[in-house]
There are 2 protein chains.
Amino acid sequence: MAEKLRIQPMVPEDLLFLTDDQLRKGIEAMFFAYRAFTADPDLILADMDYGRAHHRAVHFINRDPGLTVTSLLAVLGVTKQSLNRVLRTLIDDGLVESRVGRRDRRERQLYLTEKGTALERRLSEAQRARMRSAYRNAGPQAVGGFRQVLEAMMDPETRSQYQAMKDLPE
Amino acid sequence: MAEKLRIQPMVPEDLLFLTDDQLRKGIEAMFFAYRAFTADPDLILADMDYGRAHHRAVHFINRDPGLTVTSLLAVLGVTKQSLNRVLRTLIDDGLVESRVGRRDRRERQLYLTEKGTALERRLSEAQRARMRSAYRNAGPQAVGGFRQVLEAMMDPETRSQYQAMKDLPE
DNA sequence: GGTATAGGGCAGTGTTGTTGACTTTCTACG
DNA sequence: CGTAGAAAGTCAACAACACTGCCCTATACC
């Protein structure tokens, strides 16, 4: 029986955080935290005719004004049809402006109007307030770890995009 | 003017992590990481007629066998009607068993069947694999911070539930 | 001029959430 | 004992948001 060789398992202290139980707790933490994370903007959006998808579009247009529809599609990871429905209501309602691309006239470059900027600010301030409070309670070291684990969890392609975005002037 | 007292703002090094830019990066990290976090189980579920809601139900029934419908409702944070649709398909398909409550015969206690346990294992193993890899790459210290920030982000009620769950024997 | 790309649109479908209203079964309390 | 109310289940309608498949126009590039 080779079993006897495992009587003293190789489990250094440092690896105890990889037990299935620890992983399960991490999984549940993600679920509960993400629910809270989206709750505040969702409340604001519920009053208008908008949903979470509108929030995401507005967020990324604000973050990178003038980006093309294709770029936005790539960042959001949804289909053209799905984005288009959301984008059209935002344009019709005067929150987003779609200008013909300068480089390439086939492209459409997306910008927030004043009205769009105002909504973005309202939504993101609600979300930032929660994030700020969580950061403050957890402290700078914890925040570093938080970001490290989240980055490690992303798909490699997404992670590259994300890390490239980090360096934008804001 | 009391304003003059603020000419030298109190911004120690330790608070630089609370800038709006840092917060925005945290927000985007949550978005991208959560998308990756759900991607693996979603692939498995897509083949069957199930969705993410089925996964969540199966997860929490596995974590706390014999829990009542009301408890599950509270943990998931959805309406009775929404859960019921999901739960009924799981029961009809023989993944979940609903037994009359022992204490209170009005209650239904939920258990996974062997088939249900098998699916749960498949789904959670996919999710754990990603979490394990992220944990391993980030290291134990980062994991501690990750959990701290997520807990701080939850609604207080959810956090209590979550922290109580942490102590279950598993 | 022909092919490929960017964008937009239509039609249909599926999952998951919501309200609101109603029923059955059972417990608990006055 | 009788009733108020909790727990569960159900029906109907609706909305948000994702998907596939297909088609069309405008523009770019070779």
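Order of the sequence lines fixes the chain letters, A, B, ..., with proteins taken first and strands second; residue numbering starts at 1 for each chain. Just so it is clear, the model here is predicted, and its values are computed rather than measured.
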Margin query: Need one value for A:Asp49: base, sugar-phosphate or nothing, where a base atom within 4.0 Å counts as base even if backbone is also close, heavy atoms only.
Written below: sugar-phosphate

Check: What class does the angle between the rings of B:Phe60 and A:Phe31 fall in, given that below 30° is parallel, 30 to 60° is tilted and above 60° is perpendicular?
Finding: tilted

Note to self: Within the supplied structure, the quantity of interest is the number of heavy atoms (other residues, nucleotides, ligands) at a distance under 6.0 Å from A:Gln141 CD; does it exceed 12?
What the structure shows: no

Note to self: Whole angstroms only, please: what is the CG-P distance between A:Leu83 and C:dG8?
What the structure shows: 9 Å

Check: Taking for each residue the nucleotide of DNA chain C with the nearest heavy atom, is it A:Ser71 or B:Thr79 whose nucleotide lies nearer the 5' end?
Finding: A:Ser71

Note to self: Expressed as a whole number of angstroms, how long is the span from A:Leu73:CG to C:dG9:P?
What the structure shows: 14 Å

Item checked: B:Arg52 vs C:dT15: side-chain N/O to OP1/OP2 distance below 4.0 Å -> no

Check: How is B:Arg85 classified with respect to the nucleic acid when contacts are heavy atoms under 4.0 Å: base, sugar-phosphate, or nothing?
Finding: base

Check: Hey, does the side chain of A:Arg56 come within less than 4.0 Å of D:dA18's phosphate (OP1/OP2), counting only N and O?
Finding: yes

Check: Does A:His54 place a side-chain N or O at less than 4.0 Å from the phosphate oxygens OP1/OP2 of D:dC17?
Finding: yes

Item checked: Nearest-angstrom distance from the residue atom CG of A:Leu76 to P of D:dA16 -> 18 Å

Next item on the list: Report, as a single string ordered 5' to 3', how protein heavy atoms within less than 4.0 Å touch nucleotides 22-30 of chain D: B base, S sugar-phosphate only, - not at all.
Entry: B---BBS--

Notebook entry, point to check: If you draw a 6.0 Å radius around CG in A:Asp92, do more than 12 non-hydrogen atoms from other residues or ligands fall strictly inside?
Noted result: yes

Next item on the list: Measure the spacing between CG of A:Leu150 and CZ of B:Phe32 and express it to the nearest 0.5 Å.
Entry: 12.0 Å

Next item on the list: Could you check how far CZ of A:Arg88 sits from C1' of D:dC17, rounded to whole Å?
Entry: 14 Å

Check: What integer distance in Å separates A:Asn84:CG from D:dC17:P?
Finding: 14 Å

Next item on the list: First locate atom CG of B:Leu119, then atom CG of B:Leu112, and finally report the distance between them rounded to the nearest 0.5 Å.
Entry: 9.0 Å

Notebook entry, point to check: Which heavy-atom pair separates A:His55 from A:Gln127 by the least distance, and what is that distance?
Noted result: CE1-OE1, 3.3 Å

